[in-house]
A.B. asks: 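Sharing a structure with you now.
Note that ligands are numbered from 1 as they come in the structure, with each ligand's atoms numbered from 1 the same way.
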Amino acid sequence: MVRGRISRLSVRDVRFPTSLGGHGSDAMGGAFPLQHTDPDYSAAYVVLETDAEDGLKGYGITFTLGKGTEVVVCAVNALAPHLLNKDLGDIVGDFRGFYRQLTSDGQLRWIGPEKGVVHLATAAVLNAVWDLWAKQEGKPLWKLLVDMDPRKLVSCLDFRYITDVLTEEEAYEILRKGQVGKKEREEQMLAHGYPAYTTSCAWLGYSDATLKQLCSKALEDGWTRFKVKVGADLQDDIRRCRLIRNMIGPEKTLMMDANQRWDVPEAVEWMAKLAEFKPLWIEEPTSPDDILGHATISKALVPLGIGVATGEQCHNRVIFKQLLQAKALQFLQIDSCRLGSVNENLSVLLMAKKFDIPVCPHAGGVGLCELVQHLIIFDFISVSASLKDRYIRGVGRVCNQMETRNSFCF
Ligand SMILES: C[C@H](O)[C@@H](O)CC(=O)C(=O)O
Ligand SMILES: [Mg+2]
């Protein structure tokens, strides 16, 4: 039973100096060889308190990089009046309405709508609401979602702008069919976790020596799927991809990530040169807003056996809808903090199911690995019922499989 009135919303600017070690570096940003040298992994960290006696708090974040956090914190504070003094029961009782209320704020909508800083702030705030709801129900978020009646679940989602590909009734049907075999899939997740890959050995700013050392360690730890950053300098990419492919051998999976570095023809030409290293996908080959550009790249890379993955900077469900309609991606990468929290992420999971495209969430940044596992475990148990071509991003810890954990955020 949900209870309490939101009595306090606080938001903190949390930063980690990851740039000092080149962790998180990619091909976007300053000119080569500088690259994206200053990604300080950060989060706008929201805490919700209620007047209920249980003392439970809701924790929500959105992932940011360094000083961008200041702007998101400001946007979270601007959204706070929508939550303060509201009953949690009223919020989750009409969650679609509440999502609409936040994304339609008359003065904030102009700097969105449903995109950019204001949408990142919406994600942080709503992530905290979902966390609080799950905690009050005494369940991890994935379990709250898995156990929820499909009618109630679809009532939390905003289908505005996507009904041309997915209506509420179709979403309900997907979830209704997903009830079959749910128990077995839940047991499978609890016993074995979800397949995972690592990016931790091959950030662009790492020296070859660091790459080798981290890759050996990852192999020792049992990892079998590796992502390497590419896109700044072709000869450098060829050397690094050869190095990593030689180390992992021909059977293990290699993914590549260009972080939006290329124009469309350049992406195709560049990837033709990296095809010998057999990447499963090229991630973010060009601007995240260029739907038709992604479609062109996808089409050109099919004969090379390379898929296109994108989504970590995809604004909202509308862009994902068009990426799916345009056959512009083979791997869909939701981001738990860029889309409007669980509400909007679920609508994208359901569209991906309809288009039969595997979802491989973006993670790795502060808190993202924790958040996305709830979404993807729900996806497996209640929506996709498949692990084919689906991988979650892991950091450090357990190899190849993300274990299920207890809370949504921390
Ligand atoms: C700047 C970030 O570290 C970015 O490179 C992350 C990313 O692309 C990924 O995790 O994938
Ligand atoms: Mg990426």
A.B. asks: To the closest 0.5 Å, what do you measure between OG1 (T103) and CG (D158)?
C.D. replies: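 Here the interatomic distance stands at 6.0 Å.
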A.B. asks: Would P39 count as a polar contact of ligand 1, with the cut-off being nitrogen or oxygen pairs under 3.5 Å?
C.D. replies: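 Between P39 and ligand 1, no N or O pair is found under 3.5 Å apart.
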A.B. asks: Tell me the closest heavy-atom pair linking A134 and P140, and the distance in Å.
C.D. replies: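 That closest heavy-atom pairing would be CB-C, 4.3 Å.
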A.B. asks: Taking only residues two or more places apart in sequence, or in another chain, which ones meet D356 in a side-chain hydrogen bond (donor to acceptor under 3.5 Å, both in side chains)?
C.D. replies: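 By the side-chain hydrogen bond (donor to acceptor under 3.5 Å, both in side chains) rule, D356 matches no residue at all.
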A.B. asks: For the Mg ion (ligand 2), which protein N/O/S atoms are closer than 2.8 Å?
C.D. replies: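 Within the sphere that stays under 2.8 Å of the Mg ion (ligand 2), the protein atoms of type N, O or S are D257 OD2, E283 OE2, E312 OE1.
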A.B. asks: Is the backbone N or O of A196 less than 3.5 Å from a side-chain atom of R393, with the two atoms forming a donor-acceptor pair by type?
C.D. replies: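 The answer is no, because no donor-acceptor pair under 3.5 Å joins these two groups.
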A.B. asks: Going by the atom numbers of ligand 1, which of them fall below 4.0 Å from some non-hydrogen atom of W203?
C.D. replies: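 Once the distances to W203 are compared, the set is 3 (O), 5 (O).
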A.B. asks: Within the structure, is a non-hydrogen atom of E284 found at a distance of less than 4.0 Å from ligand 1?
C.D. replies: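 Outside the 4.0 Å threshold, so no.
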A.B. asks: Which of the numbered atoms in ligand 1 are below 4.0 angstrom from a heavy atom of G24?
C.D. replies: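 Heavy-atom distances to G24 below 4.0 Å select 1 (C), 2 (C), 3 (O), 5 (O).
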A.B. asks: I'd like to know if the side chain of Q260 pairs up with that of E284 as donor and acceptor (distance under 3.5 Å, no hydrogens or angles considered).
C.D. replies: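 Side chains of Q260 and E284: pair found under 3.5 Å.
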A.B. asks: Among L301, V308, I297, which residue meets the side chain to side chain contact (heavy atoms under 4.5 Å, CB included) test with M271?
C.D. replies: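 Of L301, V308, I297, side chain to side chain contact (heavy atoms under 4.5 Å, CB included) with M271 is met by L301 alone.
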A.B. asks: Quick one: does K227 get a heavy atom under 4.0 Å from ligand 1?
C.D. replies: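 So K227 counts as touching ligand 1.
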A.B. asks: Is the NZ or CZ atom of R151 positioned over Y172's six-membered ring, under 6.0 angstrom from the centre and within 45° of the axis?
C.D. replies: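 Yes, R151 sits over the ring of Y172.
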